[in-house]
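Presented below is the structure to which this report refers.
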Amino acid sequence: MDKLISFVLIVTICCICTGGNNPSAAGEIPALKTVFKEDFLVGAALNRRQVNEADPMATAFIAREFNTLTPENDMKAALIHPEWGRYNFTEADKLIAFGLRHHILVNAHTLIWHSQLPAFVMQLRDKDSLQHFFKDHIRVIASRYDGKVYSWDVVNEALNEDGTMRKSLFQRSLGDDYVVQAFQLAGQAAPHTKLYYNDYNIERPGKRAGAIALIRKIQAAGARIDGVGIQGHWHLGKVPFQDIEESILAFSALGIDVMFTELDISVLPDPKGVEGADVNQQKGYNSALNPYVGSLPDSVQQQLASDYEALFRLFLKYRDKIGRVTFWGVNDGDSWLNNWPVPGRTNYPLLFDRQFNPKIAFDRVIALKTGTVTK
Ligand code: XIL
């Protein structure tokens with residue numbers, strides 16, 4: 001009996017020390033959604049494999065940590081509306097079922113965006129056809145999921161870095177007002193769904209001014225906009241805390257919810273010429289751009305932890321203004337930053353490592369609420 005007790009004790013201690021297979025799921029470490037439940041929703045972008053529950057351990061992990069999810073790709077136009085007049089709701093419907101099954105709110109992403117468009121849209125030459133696509137796309141999809149999703153990123157990335165309107169396919173054919181129209185159409189089709197504008201780098205003063213002007217224009221037209229999503233694709237040691245703080249204040253002064261919708265902190269060097277988070281930027285691989293293939297040096301791990309700690313300290317300071325914080329991926333292995341803007345790299349931008357173990361950054365973020373550091 002004594003031996004059995006010692007064995008159980010040793011196994012328990014080993015599990016705690018090594019992190020076990022999934023220490024977070026084992027229950028000894030608090031979950032993100034629980035720790036921040038009085039502050040804001042905490043979410044992750046999920047890929048198709050995760051929504052299809054290919055790995056039961058991953059499913060349990062997701063359900064434990066997060067109370068909101070965003071589809072990483074499956075509600076983008078190229079996938080949900082692949083041909084003129086033909087929609088494919090298979091994966092999006094599974095996502096809704098996943099959310100219901102695990103009590104997770106869905107932020108749908110995204111109705112109108114210049115990237116990941118189906119080929120037939122890229123080939124549309126006349127304004128009437130594009131207008132037709134634009135109206136049908138919003139009406140059909142937003143009404144189908146009204147009351148089933150919590151919110152929509154109605155328009156994604158409409159702005160240039162200097163705050164002017166991006167000369168996208170939609171802007172060129174439909175004019176600057178396409179954003180207002182998108183919110184009007186979405187409001188009619190989805191009266192029970194929160195409607196958001198989402199973009200990267202809108203914490204920076206110039207682009208922020210453009211976003212504020214755009215939001216005011218939507219409001220002035222009488223269309224409903226409920227919130228703004230600052231994507232939050234940032235870089236190690238360069239998180240723009242002051243810009244973020246000013247942006248939380250400036251956006252919330254517009255009477256809307258502020259969210260951090262695609263949070264990750266890249267630890268890798270950026271190739272020259274890469275600016276922002278435009279998914280269309282792709283650069284060639286070279287090993288100098290991929291320095292941490294085997295593991296992450298402790299100094300980098302510590303810097304990542306400090307960045308995340310300072311960021312969440314800021315989020316907590318403005319918890320009355322921030323509705324949601326969503327990570328762009330569940331663990332480091334899922335992150336799009338392993339393949340963007342350079343394919344085939346090993347990045348470490350999230351709070352959980354490739355085996356779902358919480359990183360030091362996780363501990364520091366949690367400690368802001370619980371006052372304990374476990375590593
Ligand atoms: C990314 C996905 O993570 C990738 O899988 C896909 O190949 C490209 O798009 N801003 C956005 C997201 O709004 O939709 C992007 O997601 C990342 C940048």
Side-chain angles (χ1 to χ4, degrees), residues 43-52 54 58 62 66 68-82 91-92 95 106-119 121-122 137 141 149 151-161 166 168-170 179 182 195-204 207 211 214 227-235 258-266 268 270 274-283 285 324-350 352:
L46 297 194
N47 59 36
R48 187 177 296 184
R49 208 181 119 75
Q50 290 161 333
V51 172
N52 285 322
I62 291 162
F66 305 108
T68 169
L69 70 87
T70 301
E72 187 174 1
N73 287 299
D74 275 321
M75 291 180 101
K76 292 173 180 172
L79 292 139
I80 204 168
H81 193 172
E91 298 303 325
L95 186 90
V106 174
N107 173 64
H109 175 84
T110 171
L111 283 170
I112 297 298
W113 187 29
H114 63 280
S115 292
Q116 292 183 271
L117 280 169
V121 175
M122 307 296 285
H137 184 78
I141 301 172
V149 299
S151 51
W152 264 109
D153 293 336
V154 176
V155 176
N156 199 30
E157 302 178 356
L159 294 165
N160 292 319
E161 292 307 282
R166 184 193 286 274
S168 69
L169 182 86
F170 298 111
V179 176
L195 306 179
Y196 303 146
Y197 176 70
N198 194 56
D199 210 331
Y200 59 82
N201 285 352
I202 49 170
E203 69 280 2
R204 295 188 180 173
K207 198 164 179 178
L214 192 60
V228 60
I230 299 171
Q231 289 186 5
H233 296 294
W234 289 311
H235 295 85
V258 181
M259 282 148 296
F260 294 87
T261 52
E262 305 188 12
L263 182 55
D264 48 27
I265 300 179
S266 173
L268 298 181
D270 254 354
V274 171
E275 175 71 14
D278 193 326
V279 297
N280 301 310
Q281 298 180 97
Q282 276 293 328
K283 298 281 174 186
Y285 179 91
R324 168 165 62 92
V325 176
T326 294
F327 294 89
W328 205 244
V330 175
N331 76 31
D332 285 342
D334 312 317
S335 170
W336 74 304
L337 294 175
N338 294 305
N339 288 301
W340 181 93
V342 175
R345 296 198 295 176
T346 307
N347 213 330
Y348 302 81
L350 299 168
F352 301 103

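All values below come from the heavy atoms of this structure, side chains included, with hydrogens, waters and symmetry mates left out. Just so you know, ligand 1 is whichever comes first in the structure, and atom 1 is the first atom listed for that ligand.
Heavy-atom minimum distance, Phe352 versus Val330: CD1-O, 3.5 Å.
Note: Trp328 and His109 meet the aromatic proximity criterion, with ring centroids under 6.0 Å apart.
Neither the backbone nor the side chain of Asn47 has any atom closer than 4.0 Å to an atom of ligand 1 (non-hydrogen atoms only). Proximity of Asn73 to ligand 1, defined as any heavy-atom pair under 4.0 Å, is confined to the side chain (atoms from C-beta onward).
When each atom of ligand 1 is checked for a heavy atom of Trp113 under 4.0 Å away, the hits are 14 (O). Close approach of ligand 1 to Glu157 (heavy-atom distance below 4.0 Å) involves ligand atoms 10 (N), 11 (C), 13 (O). Annotation for ligand 1: atoms under 4.0 Å from non-hydrogen atoms of Val279 are 8 (C), 9 (O), 15 (C), 17 (C), 18 (C). Against a heavy-atom cut-off of under 4.0 Å, His233 is close to the following atoms of ligand 1: 18 (C). Distances below 4.0 Å separate heavy atoms of His109 from the following atoms of ligand 1: 11 (C), 12 (C), 13 (O), 14 (O).
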Q: Give the intermediate values and the outcome of salt bridge (Lys or Arg N to Asp or Glu O under 4.0 Å) for residues Glu275 and Arg204.
A: CA-CA 13 Å; Glu275 175 71 14; Arg204 295 188 180 173; 2.8 Å; yes

Before you tell me yes or no, could you show the steps for Asp278 and Arg166 under salt bridge (Lys or Arg N to Asp or Glu O under 4.0 Å), namely the whole-Å CA-CA distance, both residues' side-chain angles and the distance that decides it to 0.1 Å? CA-CA 12 Å; Asp278 193 326; Arg166 184 193 286 274; 3.3 Å; yes

Practice task
Output, in order, the C-alpha distance, side-chain angles, deciding distance and verdict of ring-ring contact (aromatic ring centres under 6.0 Å, His included) for Trp340 and His233.
Solution key: CA-CA 12 Å; Trp340 181 93; His233 296 294; 7.4 Å; no

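None of Asn156, Thr326, Asn198 except one satisfies the side chain to side chain donor-acceptor pair (under 3.5 Å) rule with Glu262; the exception is Asn198.
Counting heavy atoms from C-beta outward, Leu69 and Ile62 have side chains that stay 4.5 Å or more apart.
At a 4.0 Å cut-off, at least one heavy atom of Trp328 sits close enough to ligand 1 to count as contact.
Distances from atom 16 (O) of ligand 1 to the heavy atoms of Lys76, Met75, Gln116 put Lys76 nearest.
When only interatomic distances are considered, the shortest N/O to N/O separation between Asn156 and ligand 1 falls below 3.5 Å.
Of all protein heavy atoms, the one closest to atom 10 (N) of ligand 1 is Glu262 OE1, 2.9 Å. Looking from atom 3 (O) of ligand 1 to the surrounding protein, the closest heavy atom is Glu72 OE2, 2.5 Å.
Proximity of a side-chain donor or acceptor of Asn338 to a complementary backbone N or O of Asn347 within less than 3.5 Å is detected.
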